[in-house]
Amino acid sequence: MEKYAAYDPLDNLLIDVDDKPHIYIIKQTTCGNKCPDHSCTNFCPSRVFSWEGGKLAVDYTRCVECGACQYSCIHKNIHWEYPRGGFGVVYLY
Amino acid sequence: MNKNHYDAIVVGAGPAGSVAALTLAKNNLSVALLERGKFPGSKNMFGGTIYRETTEKIFPAFWHDAPVERAVVRDEAWFMEEDSVVNMGFNGLRFAKEPYNKFTVLRAKFDKWMAEQARKAGVHLICGTLVRHVKYKGKKAIGVVLDDGSELGADAVVLAEGVTSLLTKEAKLRQDYTPHQLTLYAQEIMELDSKIIEERFNLEKDQGAIIGMLGYPTAGAIGKAGIWTNKNTLSMIAGGYLWDLMQKGLSPDLLLQRTKQHPLVKRLIQGAKVVQYKAHMIPKGGYKALPKLCSDGIVVVGDAAGMISGRRGTDLAMLTGQFGAQAIVQAKAKGDFTAKTLAAYANKVNRSFFLKDMKAGEQTVEYYHKNPDADYLLSKTLNDLGYAYFSEGLVTSREKTQLITNTILSEQPLAKTLFDLYNGYKYWEAF
Ligand SMILES: Cc1cc2nc3c(=O)[nH]c(=O)nc-3n(C[C@H](O)[C@H](O)[C@H](O)COP(=O)(O)OP(=O)(O)OC[C@H]3O[C@@H](n4cnc5c(N)ncnc54)[C@H](O)[C@@H]3O)c2cc1C
Ligand code: SF4
Ligand code: SF4
């Protein structure tokens, strides 16, 4: 699977980014101490989450609003809401 | 013109919401249809095919006016391995003419068109507006709170907010989803000249094909891939159950990239230019996971209500949108919007053909949870058989039969193989 990782889905996507983040991690220490897999860094279809320097980094500007992460983190550690009306992903097709 | 009180407010302008709003307006109720996207369809994704019979009930002879892409004449199922495919399909040229069977569409165009039909019927369509909360007086919903903090009042609220359904959850009409109740898919839409599409897929002008794929695409995870032909684009999806993706450390976009590399898929999409990426979930909890469909002043319709059965989604969204709206029309006539009156909607859904299908489909959900490798094994066995059967070698047909039997037996004990073959065939269409 690694060989496809260079591909970035965001090359083909229009996102009107809200300046206010709509995703945040409730408790960083939970990611560090209780979650060896960091599964959010794998399944998120637009790679919003990454494990960097012992911290879970969240780049909300990449989010395609599929809604999966809030229901998938086994520690319920992701607060997710919709971006404000009119902001976020704009599918043209 | 902005008012601040309506007979009904509909949240979400997908198929469920636009049909609900249209139905309400046709019955002379004042309606606001609120959509968080810049325009209806700008947040939405599906495979996709819309089904003529249901769509026509709401939008008579829609294909003359609506932005449909191609009339589907061919449905194929591909059971895939590394370098082979066992392929089952049906060609029905009767489906190329009226009354048609189903059409491929692109959501950014088609959802916009449906909402436009609602607007023409008098619905107040407001886009770029997120509903943050439902507003209550006691237990009864009396309107909504928007993301700028302003409020709109209504006698009834229709939650047509799709799978993520944060308001349905906030209203405690459903429990939190588990990753077992959701599938997650990624999609690419790729531009390709219409002539080339017709050549490669063996179609005439305006005719369309669908290919559902299992086995290889999901690398052992429980999921599917698929290609739909549009006028001058191809829609391609791949994905699977969320819990399974999590467990295997996979993402749907990687599955999609993998599927595109398959030698037999590659030649279908060669030269096509990706113009759109999308990702979306499907509520796949089945009958057992259905939320409560109504409460005082609220009805829940479409994906928010878990209305998915096999490959059907948009049609059940339209039907539940219509049923929900009809219950509100009756409630308006009675002047009573309590759960007791609105239960007419839940009762109608409970008696519907699709709920019976969903009850029957309950087995699918359980089957995949118990046999996560079923699709993969099915596909592998079929392809091994294909090679065994079609290889021209120096063996008698008796020896060949023995070889084929060995192929089946080598994969796993026979009873499980036969069971998987049968079930895989039965459930392959459950995206
Ligand atoms: C990969 C995939 C393939 C599919 N293939 C098919 C197929 O081939 N055929 C088929 O019939 N179905 C298919 N479906 C299912 C189909 O897409 C859904 O069943 C259908 O879109 C549900 O319609 P809906 O109106 O309930 O929800 P949606 O279409 O999701 O619409 C919900 C709308 O509500 C808006 N919204 C949500 N919350 C708010 C809020 N708080 N405020 C304002 N607006 C809000 C959203 O922006 C959206 O426009 C597929 C789905 C997927 C994911
Ligand atoms: S899955 Fe949840 S707990 Fe684990 S790293 Fe991601 S956010 Fe943190
Ligand atoms: S909503 Fe989907 S795309 Fe956005 S961060 Fe969560 S998983 Fe990723």
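Chain A is the first sequence line, chain B the second, and so forth, proteins listed ahead of strands; every chain is numbered from 1.
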Heavy-atom distances under 4.5 Å only: say whether [X] touches chain A with side chain, backbone, both or neither.
X        : answer
B:Glu188 : side chain
B:Phe110 : neither
B:Asn44  : backbone

| task | Against chain B, label A:Cys44 side chain, backbone, both or neither, depending on which of its atoms sit under 4.5 Å from a heavy atom there. | result | backbone
| Among A:Cys40, A:Pro9, A:Ala68, A:Gly67, which has the most heavy-atom pairs under 4.5 Å with chain B? | A:Pro9
| Audit row: B:Met246, A:Ser72, side-chain contact (heavy atoms from CB on, under 4.5 Å) steps and yes/no | CA-CA 8 Å; B:Met246 288 164 62; A:Ser72 311; 3.7 Å; yes
| task | List in chain and number order the residues that pass salt bridge (Lys or Arg N to Asp or Glu O under 4.0 Å) with A:Asp37, two or more places apart in sequence or in another chain; answer none if no residue qualifies. | result | none
Hey, are the side chains of [X] and [Y] touching, using non-hydrogen atoms and a 4.5 Å cut-off?
X        : Y        : value
B:Tyr277 : A:Pro45  : yes
B:Gln247 : A:Phe43  : no
A:Ser46  : B:Asp253 : no

| request: Of all the heavy-atom pairs spanning B:Val275 and A:Tyr93, show the shortest one and how long it is. | output: CG2-CZ, 3.4 Å
| request: Can you measure from CG (B:Leu250) to OG (A:Ser39) and round to the nearest 0.5 angstrom? | output: 11.5 Å
Tell me which donor-acceptor pairs under 3.5 Å the side chains of residues 168-176 of chain B have, and how far apart each pair is, sequence neighbours excluded?
residue  : atom : partner  : partner atom : Å
B:Thr168 : OG1  : B:Glu161 : OE2          : 2.5
B:Lys169 : NZ   : B:Asp176 : OD1          : 3.3
B:Glu170 : OE2  : B:His133 : ND1          : 2.6
B:Arg174 : NE   : B:Ser165 : OG           : 2.8
B:Arg174 : NH2  : A:Tyr71  : OH           : 2.7
B:Arg174 : NH2  : B:Thr164 : O            : 2.9
B:Arg174 : NH2  : B:Ser165 : O            : 3.1
B:Arg174 : NH2  : B:Ser165 : OG           : 3.2

| field | Contacts of residues 73-91 of chain A with chain B (heavy atom under 4.5 Å) | value | A:Lys76, A:Trp80, A:Glu81, A:Tyr82, A:Pro83, A:Arg84, A:Gly85, A:Gly86, A:Phe87, A:Gly88, A:Val89, A:Val90, A:Tyr91
| Could you name the residues of residues 49-58 of chain A that have a heavy atom within less than 4.5 Å of a heavy atom in chain B? | none
| field | Between B:Leu166, B:Thr129, B:Leu106, B:Thr233, the one whose heavy-atom pairs under 4.5 Å with chain A are most numerous | value | B:Leu166
| task | Name the option with the most non-hydrogen atom pairs under 4.5 Å to chain A; the candidates are B:Asp147, B:Leu245, B:Ile189, B:Leu182. | result | B:Asp147
| A:Glu65 bridged to B:Lys278 by N-O distance under 4.0 Å | no
| said: I'd like to know if the side chain of B:Gln276 reaches the main chain of A:Leu92, judged simply by a donor and an acceptor atom lying under 3.5 Å from each other, with no hydrogens or angles considered. | reply: yes
| Are A:Asp16 and B:Lys38 close enough, and set up right, to give a side-chain contact (heavy atoms from CB on, under 4.5 Å), and what steps lead you there? | CA-CA 10 Å; A:Asp16 191 349; B:Lys38 281 192 205 298; 2.7 Å; yes
